[in-house]
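Following: one structure in C-alpha cells, then a few remarks.
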Amino acid sequence: YRRYLEIGRLRLDPRVRGKAIDAARKLVADAPDYASAHALLAHLLLRGGRPATPEALAESRREAEHALRLDPAQPVAEAALGFISCHYRDWERGLKMISHALQSAPADTELRLDYTICLGTLGYWTQALEQTRIAYAADPLAIVPNVVLANVLDTVGRHDEVAATPAPS
C-alpha cells in the first residue's frame, strides 16, 4: 500500500510520469491481485502523453478491465474506461462512466479535474465549471484546482470571479 501511495504522489508531476508508470508496472507485477494498483496503472497510462498512444490506450484498457474483475467497485478503473470511451468518441458512455466513478470517489480531485478537462473539451462549460468548483472546494489550497478554476472561469468570460478567487499561498 505504501508503494501505491508513493506512485500515486508521482502521478501529479508530469516530469516524472514515465517513472511513475514504470513503478506502477512493477507494483502490478509484484502484487497481481491488487486492484488499486492495476487501476492506478490504467490511469497513469492515459496521462502519459497527450494524446495517448494506441499502445497506451490498449494497455490502459486491459489494466482497467483487470482491476474491475478484481474489484467491481474500483472507481479509478471505471473512470479510465470512461476516458478511453471518450477518446474513441463514445462520449455518452464515457461521460456516464466517469460521472459514476466520481460518485464512488467524490474526493478524488485529480479524477474530477480530468473530467473537467474532458467536459470543457466537448464544450460542456457549465458542467466543467461545476466540477471544477467541487474540486476547488475539496482542496482549496492545492495549486491545480486553483489554476483549473481560473482557466475555466476565464474561458467562460467570468474574469471578475478569477480576481475574486483567493490564490493558494
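Shortest non-hydrogen contact noted between A128 and G120 is CB-N, 4.0 Å. Residues A39 and A77 approach most closely at CB-N, 3.7 Å, considering heavy atoms. For the pair P140 and A138, the tightest heavy-atom approach, listed with the atom from each and the gap, is CD-C, 3.7 Å. When all heavy atoms of A42 and A64 are compared, the closest pair comes out as CB-N, 3.7 Å.
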Start with the C-alpha distance between I98 and C86, add both sets of side-chain angles, then the distance that settles side-chain contact (heavy atoms from CB on, under 4.5 Å), and finish with yes or no. CA-CA 10 Å; I98 300 164; C86 288; 4.3 Å; yes

Using the rule given for side-chain contact (heavy atoms from CB on, under 4.5 Å), can you reason through L95 versus L119, listing the C-alpha separation, both sets of side-chain angles and the distance that settles it, and then say yes or no? CA-CA 8 Å; L95 293 177; L119 289 166; 4.0 Å; yes

Any chance you could lay out the side-chain contact (heavy atoms from CB on, under 4.5 Å) test for L41 and E59, step after step, and finish with the verdict? CA-CA 9 Å; L41 178 55; E59 185 180 358; 4.1 Å; yes

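Counting heavy atoms from C-beta outward, L111 and L102 have side chains that approach closer than 4.5 Å. Counting heavy atoms from C-beta on, the side chains of Y88 and I84 come closer than 4.5 Å. Within the 4.5 Å cutoff, no side-chain heavy atoms of C118 are placed close to those of Y124. With contacts defined as side-chain heavy-atom distances shorter than 4.5 Å, the pair P75/D108 does not qualify. In this structure, the side chains of L68 and L81 come closer than 4.5 Å at one or more pairs of heavy atoms. With contacts defined as side-chain heavy-atom distances shorter than 4.5 Å, the pair L45/R61 does not qualify. Using a 4.5 Å heavy-atom threshold, the side chains of L129 and T116 count as separate. Residues Y34 and V28 are not in side-chain contact: their nearest non-hydrogen atoms beyond the backbone lie 4.5 Å or more apart.
Listed by first and then second residue, the side chain to side chain donor-acceptor pair (under 3.5 Å) pairs involving residues 62-84 are S36-Q74, H38-E63, H66-R69, E78-H100 (not counting sequence neighbours). Within the structure, no pair that satisfies the salt bridge (Lys or Arg N to Asp or Glu O under 4.0 Å) test touches residues 82-100, not counting sequence neighbours.
Once rounded to the nearest 0.5 Å, the distance linking CG of L40 with OH of Y4 reads 5.5 Å. Taken to the nearest 0.5 Å, the CG atom of L149 stands 8.5 Å off from the CD atom of E161.
Cluster annotation: L44 is not connected to L70 through the hydrophobic network of ILVMFWY side chains, with a link wherever side-chain heavy atoms come within less than 4.5 Å. Both L113 and W125 are assigned to one and the same hydrophobic cluster, defined by single-linkage of ILVMFWY side chains at heavy-atom distances under 4.5 Å. A single hydrophobic cluster is not seen to contain both I134 and L153; linkage of ILVMFWY side chains at heavy-atom distances under 4.5 Å, directly or through other members, places them apart.
A side-chain donor-acceptor contact under 3.5 Å links N146 to the backbone of A142. The backbone N or O of P106 sits less than 3.5 Å from a side-chain atom of R112, completing a donor-acceptor pair.
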